[in-house]
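Just so it is clear: chains get the letters A, B, ... in the order the sequence lines come, proteins before strands, and each one is counted from 1. Just so you know, these numbers use all the heavy atoms, side chains as well, and skip hydrogens, waters and symmetry mates.
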Protein chains: 2
Amino acid sequence: MSKAADTAYRYVRGEILSGALGPGAPLREEALAVACGVSRTPVREALRRLEAERFIQRSETQRSYVATLSPDDIAEGFALRTMLEGHAAARAAARIAPEQIEAMAAHNAAVGVAVGGATVDTASFVAHNRAFHQIVTDAAGSERLAAMLATVVEQPIVLRTARHYDREAVTRSHAEHDELILAFRRRDAEWARAVMTAHIRRAFHAYDDAFRQAGLTGARTEE
Amino acid sequence: MSKAADTAYRYVRGEILSGALGPGAPLREEALAVACGVSRTPVREALRRLEAERFIQRSETQRSYVATLSPDDIAEGFALRTMLEGHAAARAAARIAPEQIEAMAAHNAAVGVAVGGATVDTASFVAHNRAFHQIVTDAAGSERLAAMLATVVEQPIVLRTARHYDREAVTRSHAEHDELILAFRRRDAEWARAVMTAHIRRAFHAYDDAFRQAGLTGARTEE
DNA sequence: CGGACCTGTAATGTATACAATAGCCTTTCC
DNA sequence: GGAAAGGCTATTGTATACATTACAGGTCCG
């Protein structure tokens, strides 16, 4: 995407992920255009892209709103992420380069520092956790898969700013990352898939616990 | 989408699926605009949507071309479709309405007619097969899942016009559909998932065989 | 003779004006 | 006073003009 469209995309996406625009908030093209100093044309392009990525929903009358996720939507999002990221780990095990494994180890060492201090360094944890997972997605070598993951990975980020991470959860996360690295070193696709699957499932329940604690209706684990 | 944008979307999509625009063909906005009697603006919107759905790829310099799929892309597409449609079947088993099951049975009866004659009625088979699978996707009740499936289901349609279906393959397909209906009647999610998974995997190999027969490089089953 | 740069041409990116449509408020009639 | 209908306003859809960027061809210099 080019300059103005990219500006609009990042602006709207940022407003949504930061929580400045909550679920259901209306998105008027003209207002967004003046807010980020471009014309409506690139704003429209950004909105359509965000719609494809499920950040935005449109009414039957073509008006745009920040997406509202039901508990089932969230549970389903995690179910899809579990499958897709497990699959990505299996593919990555056969394709990942040694340098990428080292980069993952470096990011996970940083995660260890972030969760090992007196208080959990949430910002650092989030950044290195994201980078760690991104390497797996990249190593899987499937753009289609990467695009699908993009629509489910960022979904629950809104809550991240609202809560402190549970130390036990992030410590487990760190250990699971280490095990994934071991699976990659052995190039064991099924091991990698299993570790990643368990990792995302545990993250789902950690998220769900925090969600309920925040006084909202939790997602239902079905099936 | 509104009128002009929808016109452009269907026009370009149709040209790609019909094979009139082969893989790698350049897509110039102005030319497409005059071809379907609208301005560049709705054409651009259609191209961006088709890009999100992976029908179109863009060069680093922002030019648009009909997507070219490598053998690994195709194999990966089927792998994703296997996972996602298996998941859809499992979800559908818990949610599908009796009328939907009856509709599936009706479509599969039509499939039986299409594949049981002196020659296979390809057009009828394709139409009813598609409707059958669409009911499963709808019954799964997840728009996100439906959107993901849309990007992998149509992928290999280009070849459908070029070959006659193998009678054994379509007959098996018919039988597998029947078994899926049985699983739905019992509301057995894991049975439904297993049947659908096997169904798509078999379809992949049928596709791959036809692909090789057509003198092209077949997709590689990896892992 | 080859390569690099520069210029012309053609494509895409952006802005803006205009058209169509949906929503809302007001007004009018029962 | 309420409900329905009509017009006004706000928002999105489309077209077009202009800006910007990339590709290609040629020319100039080494």
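In this structure a side-chain-to-backbone donor-acceptor pair under 3.5 Å is missing from Ser173(A) to Ala169(A).
Nearest nucleotide to the side chain of Arg40(A), out of dA15(D), dA17(C), dA15(C): dA17(C). Of the candidate nucleotides dT12(C), dG13(D), dA15(C), dA15(C) has the atom lying nearest to any side-chain atom of Ala4(A).
Close to dG13(C), at under 4.0 Å from its OP1 or OP2, lies a side-chain N or O of Gln62(B). Contact between the side-chain N/O atoms of Thr61(A) and the OP1/OP2 oxygens of dT11(D) is not found at any separation under 4.0 Å. For Arg44(A) and dG13(D), the shortest distance from a side-chain N or O to OP1 or OP2 is below 4.0 Å. Between Arg48(A) and the phosphate of dT12(D), there is no side-chain N or O to OP1/OP2 separation shorter than 4.0 Å. Contact annotation: Arg58(A) reaches the phosphate of dG13(D) (side-chain N/O to OP1 or OP2, under 4.0 Å).
Ranked by how close their nearest DNA chain C nucleotide is to the 5' end, Arg63(A) and Val38(A) are led by Val38(A). Both Glu30(B) and Thr41(B) lie near DNA chain C, and the one whose nearest nucleotide falls closer to the 5' end is Glu30(B).
At whole-Å resolution of the value, CZ in Arg28(B) and P in dT9(C) are 17 Å apart. Rounded to whole Å, atom C1' of dT14(C) lies 16 Å from atom CD of Glu45(B). Residue Leu27(B) contributes atom CG, which lies 13 Å from atom C1' of dT12(C) at whole-angstrom precision.
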